[in-house]
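What follows is a structure written as structure tokens; I'll ask about it next.
Values below: all heavy atoms of this structure, side chains included; hydrogens, waters and symmetry mates excluded. All ligand and atom numbering here is 1-based and tracks the order in the structure.
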Amino acid sequence: MTSISLPERVRVFVVGAGFAGLGTAIKLDEHGFGDFLVVDKGQSVGGTWRDNTYPGAACDVPSQLYSFSFAPNPDWSRSFSPQPEIQAYLERTAREAGVLDRFRFGVTVEDAAWDEEERVWHIGTDHGEVLADILVTGSGGLSEPKLPDIAGIDSFAGEIFHSARWNHDYDLTGKRVAVIGTGASAIQIVPEVAKQAAHLDVYQRTAPWVMPRGDRPYKAIERFAFRHLPLVQKAYRTGIYWGRECFVPGFTINPRLAVPAKKLALQNIERGISDPELRKAVTPHFQIGCKRILISNDYYPALDSDHVDLVTDGIREITPTGIVTADGTVREVDAIVVATGFYTTEQPIAEHVKGRDGRTLADAWRETGMAAYKGTTIAGFPNLFQIVGPNTGLGHSSMVFIIESQIAYIRSALQQMGERGIATVEPTQQAQDAWNDDVQRRMKRTVWSTGGCASWYIDSHGRNTTLWPRTTFAFRGLLRSFDLDQYVVTRRTATPIPQENVA
Ligand code: NAP
């Protein structure tokens, strides 16, 4: 164990140093709540953008929306940013905000338990325990790689790694490579690996919808304007934001509104692929939008290359030297890239956070699936705030907008707690149930429920507990200020306050 020193007690303990943890730190600091600690198991800020370094990694949300509203980035080189630029932006933003003295890297949170008597969180880490009044989790919805449950996967004797744990020491040049999966990560990886590998097999279980990627380098004049005329960049951002919000009804109200998008995606297949059989094999059989819509200009041309094969037969097993499909065909490979996604509806952190009665979040969610109030607070878990909690995900716009909305809500909670002498807040079960009933009622008519696909949005109970079924501005409005009247609160004197006395 290295000599990382953690304070014994802080007001706010934040797990994760990605957009969520960093944004929380900056805003708490700015508003006078400087007594916080952010820990991350990695060695820098960045979260998913630090971990996903695979070749071709880039954002599929426009650059202008992919920054904090309070820290615009004039340095974006393109309209869709490559991963290194996003990582550099986050590192620079952290440095310039002057908050890094309260970050500890290389620290893993092992568990967190609420102590009802002392009204404090006991947070166990691999570098000792920290006590905190408030626990904020910003550990991300897409942080734990999910390996596929394929027979024999452990027996593979060649090189095998997950897209989010890329082995940069392994040179794919001239190798026979397999990529398993055709999701957002895989379609960025495939064109890059195709440039290096002698042969590439792409294992597709479900063909995704892939739209053209409207990506271009910014012109010198645009970059000059972003740097010297901040209002120009703001106008870009605002225009893109509202343009994206126009997509929401196509997802949530009437999937027929997405017909133009479907046409563009079909044209993308025709433009990128010459072989009619291959065109057929990549044409999806579900409504566009049901799974995340992907964007790429080079994925289909890569599949169309002579040394790349699309394999659509299911995988039966992996042997020490290759992959066997259901029809018995054996394809020998030197390396397998596993691009099969992340744990989304069963978040690993839920196993480690214990609430008021000693139950973990996973216990609380076992019967019903993930549920929270406003995607942020959870009945039975006082003073816990989850950023990117249940039903906060987006298919059409930037998660940074959602994250900032949640941070504003948390900041408002801390402010009210301070002003009113409140020790603990916990949403009433009634408020939480009403919130989730409304979310699930709206979910019924969305394309995610009706579009005829299986996706990681849906949990084992058949409920979509990951996505937000409304506009992002509706979410922001609902979280604008902390609604104490929906909470059970206790004063610092430990006497519960009747609800009528707190509003
Ligand atoms: P994903 O969307 O969950 O895709 C996983 C892929 O692996 C799917 O094609 C899936 O097929 C396939 N798969 C899973 N298990 C399999 C198995 N046992 N056998 C064969 N195939 C299997 O994961 P991802 O591509 O890593 O993307 C996850 C999320 O990360 C995205 O939805 C997006 O939100 C985010 N992301 C964002 C960007 C960005 O540019 N901002 C880039 C990458 C990722 P099925 O479709 O049949 O399940």
query = Closest non-hydrogen protein atom to atom 46 (O) of ligand 1, residue and atom name please, with distance?
reply =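 Closest protein heavy atom to atom 46 (O) of ligand 1: Lys291 NZ, 2.8 Å.
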
message = Using only atom types and a distance under 3.5 Å, with no angle test, would you say the side chain of Gln440 pairs donor to acceptor with the backbone of Asn464?
response =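 Yes: the side chain of Gln440 pairs with the backbone of Asn464.
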
ask   = Which protein non-hydrogen atom lies closest to atom 15 (N) of ligand 1, naming both residue and atom, and how far is it?
value =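 Atom 15 (N) of ligand 1 sits closest to the protein heavy atom Arg205 NH2, 3.5 Å.
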
message = Main chain of Arg216, side chain of Ser79: is a donor-acceptor contact present, judged purely on distance under 3.5 Å?
response =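 Checked: pair present.
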
From CA spacing to verdict: side chain to side chain donor-acceptor pair (under 3.5 Å), Thr472, Glu245 = CA-CA 7 Å; Thr472 60; Glu245 286 306 288; 2.9 Å; yes

query = Would you say the side chains of Trp76 and Tyr236 form a donor-acceptor pair under 3.5 Å?
reply =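 Judged by distance alone, the side chains do not pair up.
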
Which residue and heavy atom of the protein sit nearest atom 20 (C) of ligand 1, plus the separation =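 Protein heavy atom with the smallest distance to atom 20 (C) of ligand 1: Ile180 CG2, 3.7 Å.
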
task = Report yes if some heavy atom in the side chain of Val136 is under 4.5 Å from a heavy atom in the side chain of Ile410; otherwise report no.
result =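 Side-chain contact under 4.5 Å: yes.
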
Contact check, Thr182 vs ligand 1, heavy-atom distance below 4.0 Å =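 It does, in that a heavy atom of Thr182 comes within the 4.0 Å cut-off of ligand 1.
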
query = Which atoms of ligand 1 sit under 4.0 Å from any heavy atom of Ala58?
reply =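 In order of numbering, the contacting atoms are 39 (C), 40 (O).
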
task = Tell me which protein heavy atom sits closest to atom 45 (P) of ligand 1, plus the residue, atom name and distance to 0.1 Å.
result =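 Here the closest protein heavy atom is Thr206 OG1, 3.5 Å.
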
query = Short list, please: which atoms of ligand 1 are under 4.0 Å from a heavy atom of Gly341?
reply =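 Close to Gly341: 3 (O), 5 (C), 23 (O), 26 (O).
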
ask   = Can you tell me if Gln406 and Thr392 form a side-chain donor-acceptor pair at under 3.5 Å?
value =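 Their side chains do not contain a donor-acceptor pair, so the 3.5 Å distance test is not met.
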
request  = Do me a favour and list the nearest non-hydrogen protein atom to atom 26 (O) of ligand 1 with residue, atom name and distance?
outcome  =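 Answer, as residue, atom name and distance: Ser185 OG, 2.6 Å.
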
request  = Would you mind checking if Arg331 and Asp309 are paired as a salt bridge, meaning a charged N to carboxylate O distance below 4.0 Å?
outcome  =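 Arg331 and Asp309: not salt-bridged.
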
message = With the threshold set at under 4.0 angstrom, would you say Tyr203 reaches ligand 1 through any of its heavy atoms?
response =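 Judged by the 4.0 Å heavy-atom criterion, Tyr203 does not count as contacting ligand 1.
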
request  = Identify whether the distance between the nearest side-chain nitrogen and carboxylate oxygen of Asp438 and Arg442 falls below 4.0 Å.
outcome  =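 A salt bridge links Asp438 with Arg442.
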
Test: Arg227 and Asp75 ion pair at under 4.0 Å =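 Answer for the salt bridge query: yes.
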
request  = Measure the distance from atom 38 (C) of ligand 1 to every protein heavy atom, then report the residue, atom name and distance (to 0.1 Å) of the closest one.
outcome  =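 Minimum-distance protein heavy atom for atom 38 (C) of ligand 1 reads Asp60 OD2, 4.0 Å.
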
ask   = Can you tell which of Thr340, Val338, Val179 gets a heavy atom nearest to atom 22 (C) of ligand 1?
value =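 Closest candidate by heavy-atom distance is Thr340.
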
task = Please identify which atoms of ligand 1 are closer than 4.0 Å to at least one heavy atom of Gly181.
result =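 Within the 4.0 Å cut-off of Gly181, ligand 1 contributes 6 (C), 7 (O), 9 (O), 12 (C).
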
ask   = Quick one: do the Thr360 and Glu351 side chains pair a donor with an acceptor below 3.5 Å?
value =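 No, no side-chain donor-acceptor pair sits under 3.5 Å.
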
message = Counting non-hydrogen protein atoms only, what is the nearest one to atom 30 (O) of ligand 1? Give residue, atom name and distance.
response =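 Of the protein heavy atoms, Leu142 CD1, 3.3 Å lies nearest.
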
task = Going by heavy-atom distance to atom 2 (O) of ligand 1, choose the closest among Phe286, Trp456, Tyr457, Tyr66.
result =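 It is Trp456 whose heavy atom sits nearest to atom 2 (O) of ligand 1.
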
request  = Could you establish whether Tyr54 and ligand 1 come within less than 4.0 Å of each other, counting only heavy atoms on the residue side?
outcome  =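 Yes, Tyr54 has heavy atoms under 4.0 Å from ligand 1.
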
request  = Identify, by atom number and element, the atoms of ligand 1 in contact range of Gln188, meaning under 4.0 Å from any of its heavy atoms.
outcome  =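 Listed by number with element: 40 (O), 42 (C).
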
Between CH2 on residue Trp468 and OG on residue Ser405, distance to nearest 0.5 Å =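 The CH2 atom of Trp468 sits 10.0 Å away from the OG atom of Ser405.
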
query = What residue and heavy atom of the protein are closest to atom 34 (O) of ligand 1, and at what distance?
reply =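 Checked against all protein heavy atoms, atom 34 (O) of ligand 1 sits closest to Arg292 NH1, 3.3 Å.
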
ask   = Strictly by modelled atom types, are Thr368 and Arg463 linked by a side-chain donor-acceptor pair under 3.5 Å?
value =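 Arg463 and Thr368 do not have a side-chain donor-acceptor pair below 3.5 Å.
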
Lys146 and ligand 1 - part of the residue with a heavy-atom distance under 4.0 Å =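 For Lys146, there is no contact with ligand 1 at all, from either part.
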
inquiry  = Are any of the N/O atoms on Ile150, whether in the backbone or the side chain, positioned under 3.5 angstrom from an N/O atom of ligand 1?
reply    =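 Looking only at distances, the answer is no, because the N/O contact criterion of under 3.5 Å is not met.
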
4.0 Å heavy-atom contact, Gln204 with ligand 1 =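 Not so, Gln204 does not reach ligand 1.
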
query = Hey, is ligand 1 close enough to Ile315 that some N/O pair sits below 3.5 Å?
reply =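 In this structure, Ile315 places no N or O atom under 3.5 Å from an N or O of ligand 1.
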
message = For Ala339, which part has a heavy atom under 4.0 Å from ligand 1: side chain, backbone, both, or neither?
response =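 Near ligand 1, Ala339 shows its backbone, while the atoms from C-beta on stay back.
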
query = For residues Gln196 and Glu192, is any side-chain donor paired with an opposing acceptor at under 3.5 Å?
reply =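 No - no donor-acceptor pair under 3.5 Å links their side chains.
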
ask   = Where does Ala57 meet ligand 1, judged by heavy-atom distances below 4.0 Å: at the side chain, the backbone, both, or neither?
value =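 Under 4.0 Å from ligand 1, Ala57 contributes no heavy atoms.
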
query = For Val400, does its backbone N or O pair with a side-chain atom of Ser398 as donor and acceptor, under 3.5 Å?
reply =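 Yes.
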
